[in-house]
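Notes follow once the structure below has been shown.
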Amino acid sequence: MTPHTVDIVVLAAGKGTRMRSARPKVLQPLAGRPLLFHVLDTAEALAPAQGVVVVGHEAAQVTAALAAWYSRQRVSASSGNGPTAPQKAPEQTGSDIWRTVAQTPQLGTGHALQVALPALADSPARWVLVLYGDVPLIRPSTLVRLVAAATACDGVALLTVTLENPSGYGRIVRDGAGGVAAIVEEKDADAATRAVREVNTGVMVLPKARLAAWLAALTPNNVQEEYYLTDVVARAVAEGVPVVAVQPETVEETLGVNDKRQLAELERIFQRQTAEQLLAAGVTLLDPARFDVRGELTCGRDVTIDVGCLFLGEVVLHDDVVVGAHSVLQDCVVGPGTRIEPFSHIVGAQIGANAVIGPYARIRPKTVLADGVHIGNFVEVKNSEIGEGSKANHLSYLGDATVGSRVNIGAGTITCNYDGANKYRTVIEDDAFIGSDTQLVAPVRVGRGATLGAGTTLTKDAPPEALTLSRAPQRSITGWKRPQKKR
């Protein structure tokens, strides 16, 4: 399939009453992203000439979400889509090929195409592919085969599936020769038609040159008093236009979402598919059923991921990384050979090679950890750079700090970076030793090779290669009586 041979219309106007949510159905989250975004990403893989999203219920919410997706596509196109991504024409990037049109009121799928078609008037594409904003798992390869089938027969191509229980779906009615004759919605079907197990998914490819006339001929003569897009099939047959059916590799591709139960089912299907892709790429998942990706996870060779881990945003794990159980990683890069111990939480950070993080560590945004850094249990690091081989193994907070190489930070150390109004930076130079229970009141600098004694509250710069203390002299008071509780 060559680029720009097809226009794509995504129907996203439905209310989704059974979701029982203030959020429109197409914006319900699957793997951390709206259902509609998954559909649009698949549509983009076909390199359409033009795209239209039909909005309706809560149109303002959907349009605002689309603006974010369009913006991301524009950035992606300008920065490069990767070696396997389809190439757009230079003048078409991101939102340039997509339009949003409103369907008011919502009078059915046929009416939605009537609203969308004028936005495609200037497109050179011969075919229109119809997708649905609540059917997120369909594969680009399936859609390529569907477009190829329409092109080969110079007619209409339908995506159909055969179900054990076809209840709720429109049935595919075939003629005596086995060709597709019509699609009959279940509410309008007789008993014999309801017994048919081949059903319509709604996804279809239509010849644009004939589509306007077919849509103009639609009538709402049905139980729901709507303009059914499926009625164009009967029009095509009546005019002698070939109609062919294509089936996907799996039924799961065609599953839609109408309620939270179905949404949860699709979430598990999506996560299983993601796990299977990672396993095929050589990643070790200790339990593929207890694993979630809500974004994009990229793994090198010999990566091991324990149970209950959650990956959000864009996460990169280089070779030989081990992620311990129940860790959360978001928008971060982890260098080769690094070990993330269980129950660690890492967001917006860059971690070097052969580091050890956790257990129970929290690495917050704008943190850069160099090779060989150790961040131990109940240590929090925020907006800091920590140099090669440095260690903070116990119960410490390092915020707005620049830490050199080979620094040892004792338990209970705190960088006091905030005075209630402004934040200040702490600098600890190479080879310093910070004793336990030390408070560094920023802005302050610890010189190279300096040692801070345990319990120090540092308010002035500590000189290099010297011991700095701020303890009061120890003394013992004899004869002291511990207070007693009054009767």
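Ion pairing of E265 with K260 is absent here, as no side-chain N (NZ or NE/NH1/NH2) approaches a carboxylate O to less than 4.0 Å. The pair E465-R448 does not meet the salt-bridge criterion, since no charged nitrogen lies less than 4.0 angstrom from a carboxylate oxygen. A salt bridge links R33 to D41: at least one charged side-chain nitrogen sits closer than 4.0 Å to a carboxylate oxygen. Contact check on K382 versus E380 returns no salt bridge, with no Lys/Arg side-chain nitrogen under 4.0 Å from an Asp/Glu carboxylate oxygen. Taking 4.0 Å as the cut-off between side-chain N and carboxylate O, D320 and R339 do not count as a salt-bridged pair. Using a cutoff of 4.0 Å between basic side-chain nitrogens and carboxylate oxygens, D461 and R445 are not scored as salt-bridged.
The nearest pair of heavy atoms linking G300 to V303 is O-CG2, 3.6 Å. In terms of heavy atoms, E249 sits closest to R145 at N-NH2, 4.0 Å. Listed here is the closest heavy atom pair of S384 and G399: OG-C, 3.7 Å. Smallest separation of non-hydrogen atoms from T160 and P248: O-CD, 3.3 Å. Minimum interatomic distance between T456 and L452 (heavy atoms only, all atoms of both residues): OG1-C, 4.3 Å. Of all non-hydrogen atoms in N258 and K25, the two that sit nearest each other are OD1-NZ, 3.2 Å.
Within the 4.5 Å cutoff, side-chain heavy atoms of L440 are placed close to those of V446. Residues W69 and S71 form no side-chain contact, since every pair of their non-hydrogen atoms from C-beta on lies 4.5 Å or further apart. Considering only heavy atoms from C-beta on, R290 stays 4.5 Å or farther from D292 through its side chain. Considering only heavy atoms from C-beta on, L317 stays 4.5 Å or farther from T298 through its side chain. For the pair I340/V322, no side-chain contact is recorded, criterion being any heavy-atom separation below 4.5 Å from C-beta on. With contacts defined as side-chain heavy-atom distances shorter than 4.5 Å, the pair L297/I305 qualifies. In this structure, I386 and V407 have side chains that are not in contact, with every pair of non-hydrogen atoms separated by 4.5 Å or more.
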_Run R425 and N383 through side-chain contact (heavy atoms from CB on, under 4.5 Å) and show every step you take._
CA-CA 10 Å; R425 201 153 193 89; N383 188 28; 3.9 Å; yes
*Applying side-chain contact (heavy atoms from CB on, under 4.5 Å), run through I269 and E252 and close with a yes or a no.*
CA-CA 8 Å; I269 292 170; E252 293 172 347; 3.6 Å; yes
_Test ring-ring contact (aromatic ring centres under 6.0 Å, His included) applied to Y360 and H345, step by step_ = CA-CA 7 Å; Y360 294 99; H345 192 168; over 10 Å; no
_T42 vs L137, side-chain contact (heavy atoms from CB on, under 4.5 Å): CA-CA, chis, key distance, verdict_ = CA-CA 9 Å; T42 299; L137 300 183; over 6 Å; no
*What's the verdict on side-chain contact (heavy atoms from CB on, under 4.5 Å) for T63 and V55, showing C-alpha distance, side-chain angles and the deciding distance?*
CA-CA 8 Å; T63 301; V55 300; 4.2 Å; yes
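Side-chain N or O atoms of T151 include one that pairs as donor or acceptor with a backbone N or O of V147 at under 3.5 Å. A donor-acceptor contact shorter than 3.5 Å links the side chain of D331 to the backbone of E314. Counting only distance, with no hydrogens or angles, the side chain of S123 and the backbone of A125 share a donor-acceptor pair below 3.5 Å. E429 places no side-chain N or O within 3.5 Å of a backbone atom of P464 that could act as its donor or acceptor partner. Judged purely by atom type and a 3.5 angstrom limit, D400 has no side-chain atom pairing as donor or acceptor with the backbone of Y424. The closest donor-acceptor contact from the side chain of T274 to the backbone of F270 lies under 3.5 Å. Panel note: side chain T284, backbone T304; no donor-acceptor pair is recorded below 3.5 Å.
A donor-acceptor contact closer than 3.5 angstrom links the side chains of E267 and Q271. Side-chain contact of R406 with S390: a donor-acceptor pair under 3.5 Å is absent, judged by distance alone. A donor atom on one side chain and an acceptor atom on the other are found under 3.5 Å apart for E253 and T142. A donor-acceptor contact closer than 3.5 angstrom is absent between the side chains of Y132 and T109. Side-chain contact, E44 with W98: a donor N or O sits under 3.5 Å from an acceptor N or O.
From I8, atom CD1 reaches atom CG of L143 across 7.5 Å, with rounding to the nearest 0.5 Å. Of the inter-residue distances, the one linking N408 atom CG with F433 atom CZ reads 5.0 Å to the nearest 0.5 angstrom. Here CG of N393 is found 13.5 Å from CZ of F378. Values are rounded to the nearest 0.5 Å. The structure places CG of L30 at 6.0 Å from CG of L266, a figure rounded to the nearest 0.5 Å. To the nearest 0.5 angstrom, I346 atom CD1 is 12.0 Å from L312 atom CG. Here the CD-CD1 distance, from E341 to I357, works out to 9.5 Å after rounding to the nearest 0.5 Å.
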